[in-house]
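Predicted model only: the values in this text are computed from it and were never measured.
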Amino acid sequence: MQNSINQEQENELINNSKRYLKEDVEAFFYVLDEILKTIDLSDTEGKIIYSCKRNNLIFMVGQRYCWVLSGDKQGKFAAISSEKLSNSNFSAQFDGSVKAYWNRFTNTTEVLKNIGEICRAVEIEINRTKKSSFKKFHNFSLEKAALDLNYRQKILQFAGTNYEPNKELSKSIVSQNSMKNKLKHPLNQILFGPPGTGKTYNTINTALEIIGVDIEGMGREEIKELYDQKIKEGQIIFTTFHQSMSYEDFIEGIKPETIDDKVIYNVKNGIFKNLCQIAITPNQVDFNKGYDLLKIRLSEMEMITLKTPTGKDFSISLNSNGNLSLHTGIHKGNTGTLTRENLIKQLNGEYKFSGWEGYFKGVIQYLEDEFNYSTTTNLPNQNFVLIIDEINRGNVSQIFGELITLIEEDKRLGKAEAIEVTLPYSKETFGVPPNLYILGTMNTADRSIESLDTALRRRFSFREMAPMPELIFEKGQSNGDIDGIDLVELLTVMNERIEKLLDKDHKIGHSYFLKVANIEDLRQAFKDKIIPLLEEYFFGDFGKIGLILGDSFIMKNETGDFRFANFTGYDSLVEQDLKEKMIYKVKESSEWDFSSIL
């Protein structure tokens with residue numbers, strides 16, 4: 001890069017910087033610093049353009065401007081976003097099939113409020129771009145100023161700005177970015193990585209952040225307790241995909257149900273459809289609490305008498321399926337069933353139960369009177385999360401069905417491009433609400449990842465969970481050291497060798513070492529978890545495992561005077577090669593020397 005810098009480009013950068021206030025130039029570079037922190041610079045060759053075209057300072061990805069300092073009358077700062085921003089002075093949609101917006105800002109404060117969204121939009125552009133066609137406008141001096149703080153200081157001092165890092169501005173950016181990251185999460189995201197990197201562990205933190213819980217400073221026990229409470233309240237749902245999971249389990253299907261000792265077949269909601277209906281219900285969490293309290297009360301009483309809005313008496317009891325049995329008439333005969341599902345439909349305006357509306361309204365009124373439920377006040381930002389562990393273990397395209405289209409952000413209910421479909425079993429119209437988040441986990445060492453539907457892949461944001469050996473030192477019971485063995489270095493070295501022999505997707509996660517407190521724990525972890533995992537990775541090829549662990553762990557299995565059975569029809573040369581083939585085995589754990597791995 002240095003060899004490409006010429007005096008003309010350097011002067012262009014200096015002269016452009018002179019045109020702006022010192023604080024504006026500082027803001028441009030600090031926001032640029034934050035953008036560059038969020039992307040993998042090793043994957044940007046040919047994609048990024050730094051330009052001083054038309055007296056501006058420009059950061060461009062592919063064909064789109066992403067971050068600009070200019071003298072435009074609509075705002076001196078301009079930035080990309082994946083969503084339309086409400087606090088910008090001007091916002092317009094880019095041309096092209098991938099939606100993004102171009103925003104203008106008159107001051108730094110408004111930019112900082114959106115720093116997280118700007119960084120995410122840049123990351124999207126990086127991931128989808130192959131090469132920029134604006135290479136001729138590239139200013140290598142601006143590129144060096146972006147990446148080299150010392151060079152930046154020199155250039156901007158020439159420009160007369162007396163540039164110095166503004167610590168207060170930097171703190172403000174970090175604070176804004178942290179806040180934005182907490183408040184804004186992709187609607188559909190998958191945490192992916194090798195075994196033992198904390199994917200399932202981190203879904204707890206992420207799910208709580210999505211529903212608006214500030215977990216900063218909390219201990220793990222407190223976080224887990226909060227998570228369990230939200231699971232109980234129905235605001236977070238956890239499920240695991242497997243090969244027997246079906247569309248009928250996830251969306252809807254015909255299921256048998258026993259009512260009054262009779263087996264009947266009804267269309268029943270699956271996990272996802274149930275959560276969608278709950279998510280669009282007024283005061284969703286309070287409704288769940290109220291309904292559960294009603295069930296508890298009914299379990300202690302044989303029957304509760306209620307009134308319809310017109311004053312007609314009816315009674316309800318609790319049946320064996322946890323639904324409400326309806327009793328009407330003088331003799332309180334069992335007339336039918338009021339399910340939680342149908343109560344929710346009534347709340348959401350689906351008046352499909354001709355003649356029964358009064359009974360539903362009577363139950364809802366009872367929830368309001370007795371359990372403080374309200375249908376009129378809808379709490380803002382009440383998000384719901386569906387966690388799908390091992391999402392790639394199921395037949396995803398079959399399980400998701402119509403959701404492949406419906407889960408897209410702009411196809412959600414209430415959005416400009418909202419789509420509803422007619423479901424095959426119930427014939428009901430169905431859409432996905434914008435406050436329902438899907439959070440999946442995916443094990444990259446599991447070969448079933450290859451069967452993940454491509455159409456579904458591009459509808460998810462992917463967040464890599466790589467091994468973090470330093471956590472063994474920070475959070476492990478051993479503080480990273482056992483009898484002089486540096487566990488951080490041990491895991492790092494092993495993963496370097498695994499990546500060389502296989503790839504980064506088959507590394508070993510740090511969690512295998514977090515509960516290791518002494519040498520016996522370490523031996524047990526290798527014996528029960530790590531070596532079996534390596535055997536699976538290398539299909540029992542102990543020679544390659546030996547290249548990772550060394551002579552102290554793997555030895556040749558001497559077979560002595562070995563011979564095959566007499567078989568004259570086989571190639572004698574091949575037979576001889578097979579006789580000479582080396583067989584390896586794992587040594588007894590008492591012989592292992594962990595320091596020899598390093």
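Side chains of Asn443 and Thr441: a donor-acceptor N/O pair is absent below 3.5 angstrom, by distance only. A side-chain donor from one of Glu233 and Gln229 sits under 3.5 Å from a side-chain acceptor of the other. Under 3.5 Å, the side chains of Asn103 and Ser81 contain a donor-acceptor pair of N or O atoms. Under 3.5 Å, the side chains of Arg340 and Asn288 contain a donor-acceptor pair of N or O atoms. No hydrogens or angles considered: nothing links the side chains of Asp313 and Thr305 as a donor-acceptor pair under 3.5 Å. For the 3.5 Å distance criterion, the side chains of Thr308 and Thr310 qualify, holding a donor opposite an acceptor. In this structure, a donor-acceptor pair under 3.5 Å is present between the side chains of Arg220 and Asn205.
Salt-bridge formation is not detected for the pair Glu123/Arg120: no Lys NZ or Arg NE/NH1/NH2 atom is positioned less than 4.0 Å from an Asp or Glu carboxylate oxygen. Using a 4.0 Å cut-off between a side-chain N of Lys or Arg and a carboxylate O of Asp or Glu, Lys273 and Glu428 qualify as a salt bridge. Between Lys504 and Glu464 there is a salt bridge, since at least one side-chain N of the basic residue sits less than 4.0 Å from a carboxylate O of the acidic one.
Residues Tyr512 and Pro195 meet the side-chain proximity criterion, which asks for heavy atoms closer than 4.5 Å.
Ring geometry for Trp356 versus Phe360: interplanar angle of 30 to 60°, hence tilted.
Residues satisfying the ring-ring contact (aromatic ring centres under 6.0 Å, His included) test with Phe526, not counting sequence neighbours, are Phe553, Phe594.
Aromatic pair Phe241/Phe250: ring centres closer than 6.0 Å.
Closest heavy-atom contact between Ile391 and Val396: O-CG2, 3.1 Å.
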